[in-house]
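Chain A is the first sequence line, chain B the second, and so forth, proteins listed ahead of strands; every chain is numbered from 1.
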There are 2 protein chains.
Amino acid sequence: MDTKSLPVFSADCPSRTIVDVLANKWVLYVLGLLRAADRPLRFGELKRSVEGVTQKSLTKTLRTLERDGFVDRRVHATVPPRVEYRLTDLGRDAGQLLTALNDWAKHNAPKVVSSRETFDAGQPREAPAWTHRG
Amino acid sequence: MDTKSLPVFSADCPSRTIVDVLANKWVLYVLGLLRAADRPLRFGELKRSVEGVTQKSLTKTLRTLERDGFVDRRVHATVPPRVEYRLTDLGRDAGQLLTALNDWAKHNAPKVVSSRETFDAGQPREAPAWTHRG
DNA sequence: CAGAATCCTACGAGATACTG
DNA sequence: CAGTATCTCGTAGGATTCTG
């Protein structure tokens, strides 16, 4: 590979593109909900289900997922408004990736967690709360 | 924050944990380099290879990867200092995930990219450069 | 060489208020 | 109901400087 000039952030780096999608704070959860529900969900339903999310963050998450082609947003011209979100084919296909990710994660995330604990226990190089400095 | 019912951010959500690791700006690249090199790499080597990364960012990335158990950091008490980074078993095992990720990404990232273009073309809700406002 | 420490800035995200 | 519009604040990350 040409490690000279790097397409780390360009659209030429597929992994980067996908990881950036998944990296959004609420994406995994929204995708998971839509997968589990297996039916269109309204904004309010999502909002209530994803506890802790603000409408702003949820809106942004959904807009991004729509833009990226993972969800389809359908507005019904009724009053009061009714907006439904459903997975696209791509969004449904992402299930494969999420499954692979989840499998690997379930197997290895615990190792990561315990590695962190070990590291943190052995390297109090950044003074923890109980040491006073300055 | 009130995560009463939802383990979205807790260590109990393996996918979240792993995605958060991969989400770091330079992680994919560092991991890819160490995989490709198949030998320990020095800090300077990594720095030179990952064009555009700053010392601070690279250091932080490597520290995180070390903490999470993906890389092993070895300091040689020589002068000048020599610090080598190599993949751990977990880091090497991550290759499986990265392969799965990359396969899926190569297949689908283009769809994401083109979806973005379509979306952006159709929704100039935020006035583009060529419309003057104010 | 491999960083640590510092300064600085852009952006993400929460809280709040308003609307078709 | 499903957003949009502001405001603010915390933090990630770049640039720069210093050191064992």
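There is a side-chain donor-acceptor pair under 3.5 Å between B:Thr61 and B:Asn24. Between the side chains of B:Asp68 and A:Ser115, no donor-acceptor pair is found at a separation under 3.5 Å.
The shortest distance between the side-chain N/O atoms of B:Ser57 and the OP1/OP2 oxygens of D:dG14 is below 4.0 Å. In terms of phosphate contacts, A:Lys60 brings no side-chain nitrogen or oxygen within less than 4.0 Å of OP1 or OP2 of D:dG3. Side-chain N/O atoms of B:Lys56 include none lying less than 4.0 angstrom from OP1 or OP2 on C:dT6. OP1 and OP2 of D:dC1 both lie 4.0 Å or more from every side-chain N or O belonging to A:Arg42. When the side-chain nitrogen and oxygen atoms of A:Arg73 are compared with OP1 and OP2 of D:dA2, none of them lie within a distance under 4.0 Å. Phosphate proximity of C:dG20 to A:Arg82: absent, as no side-chain N or O sits under 4.0 Å from OP1 or OP2. When the side-chain nitrogen and oxygen atoms of B:Thr59 are compared with OP1 and OP2 of C:dG3, none of them lie within a distance under 4.0 Å.
Counting heavy-atom neighbours within 6.0 Å of B:His76 NE2, excluding the residue itself, gives a total above 12.
Of all the heavy atoms in B:Leu97 and A:Ala100, the pair that sits closest is CD1-O, 4.4 Å.
Checking D:dG3, D:dG13, C:dG14 against the side-chain heavy atoms of A:Phe43 singles out D:dG3 as nearest. Distances were taken from every side-chain heavy atom of A:Pro81 (C-beta onward) to each of C:dA4, D:dC1, C:dA2; the shortest belongs to D:dC1. For A:Arg63, whose side chain is taken as the heavy atoms from C-beta onward, the closest listed nucleotide among D:dG13, D:dG3, C:dA2 is D:dG3.
Per the geometry, CD belonging to B:Gln55 stands 10 Å off P belonging to C:dA2, to the nearest Å. Remark: P of D:dA2 and CG of A:Leu41 are 11 Å apart, rounded to the nearest angstrom.
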